[in-house]
There are 2 protein chains.
Amino acid sequence: MTTTTQFDNVSLTTKANVYFDGKCVSHSFTLADGTKKSVGVVLASSLTFGTGAAEIMECVGGGCEYKLAGTDVWVKQSEGDRFSVPGNSKFDIRVAEAYHYICHYA
Amino acid sequence: MTTTTQFDNVSLTTKANVYFDGKCVSHSFTLADGTKKSVGVVLASSLTFGTGAAEIMECVGGGCEYKLAGTDVWVKQSEGDRFSVPGNSKFDIRVAEAYHYICHYA
């Protein structure tokens, strides 16, 4: 699958979202049709993220391993890969260097 | 001075710029007229940044103290404040929690 390197015609929120003491930093933006997304990076760490809405995580650089709630399988992700996370759920993520992502709300 | 909370109609690069082991993370974007800028955050740290082009740093959240090359004065910045840095120069920055910024190229 190809990597989304750029979004055009978006409204970008200037203040970052900082999670886990800066191990995850993202910026939120809105497409022309009102769809909300964010771009971010997870730095070297092992973290657990919770979801509100369902999400599709798209890797746009670096990589990670993730494990969805209720599973025992760590799955590797690299540039161009995507995975889906149900709403009101969580997933574990392990990052060795950096995992650059787009968070799409499904 | 008011804070720029959002930019409309921009092209956003999805992969982050990660500096100083993640102590600074930014995302680059381009305005409709071709002007390049970035939004980012510096986390708790003391760092020295170099400039290529001249920059105007605008604080959009949190704060910092900075000291321009060739000066001995630490200057405090908080939301809405801006400072200018000459091209091919550098500045020191001290951040206690987080400094959210827009980098405008002057």
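Just so it is clear: chains get the letters A, B, ... in the order the sequence lines come, proteins before strands, and each one is counted from 1.
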According to a 4.5 Å side-chain heavy-atom criterion applied to Ile, Leu, Val, Met, Phe, Trp and Tyr, with indirect links allowed, do A/Tyr66 and A/Ile56 form part of one hydrophobic cluster?
no
What residue in B/Val25, B/Thr5, B/Thr13, B/Val41 has the most heavy-atom pairs under 4.5 Å with chain A?
B/Thr5
Same cluster or not: are B/Val85 and B/Trp74 linked, directly or through other Ile, Leu, Val, Met, Phe, Trp or Tyr residues, by side-chain heavy atoms under 4.5 angstrom apart?
no
Shortest non-hydrogen pair, B/Gly22 vs A/Leu43, comes out as CA-CD1, 3.5 Å
Which heavy atom of A/Thr4 sits nearest a heavy atom of B/Thr14, and at what distance?
O-OG1, 2.7 Å
If you group Ile, Leu, Val, Met, Phe, Trp and Tyr by side-chain heavy-atom gaps below 4.5 Å, do A/Phe29 and B/Phe29 land in one group?
yes
B/Gln6 atom CD, neighbour heavy-atom count above 12 within 6.0 Å:
yes
What part of B/Phe7 gets within 4.5 angstrom of chain A, counting heavy atoms only: side chain, backbone, both, or neither?
both
Heavy-atom cut-off 4.5 Å, strictly under: side chain, backbone, both or neither for B/Val18 against chain A?
side chain
Once you round to the nearest 0.5 Å, how far does CD1 of A/Ile102 lie from NZ of B/Lys15?
12.5 Å
Single-linkage hydrophobic cluster A/Val95~A/Leu47, side-chain heavy atoms < 4.5 angstrom:
yes
Contact class of B/Ala16 relative to chain A, heavy atoms under 4.5 angstrom:
both
Top of B/Asn9, B/Asp8, B/Leu12, B/Val60 for chain A proximity - count of heavy-atom pairs under 4.5 angstrom:
B/Leu12
Determine, using the 4.5 Å side-chain heavy-atom cutoff (strictly less than), whether A/Tyr105 and A/Leu31 are members of one ILVMFWY cluster.
no
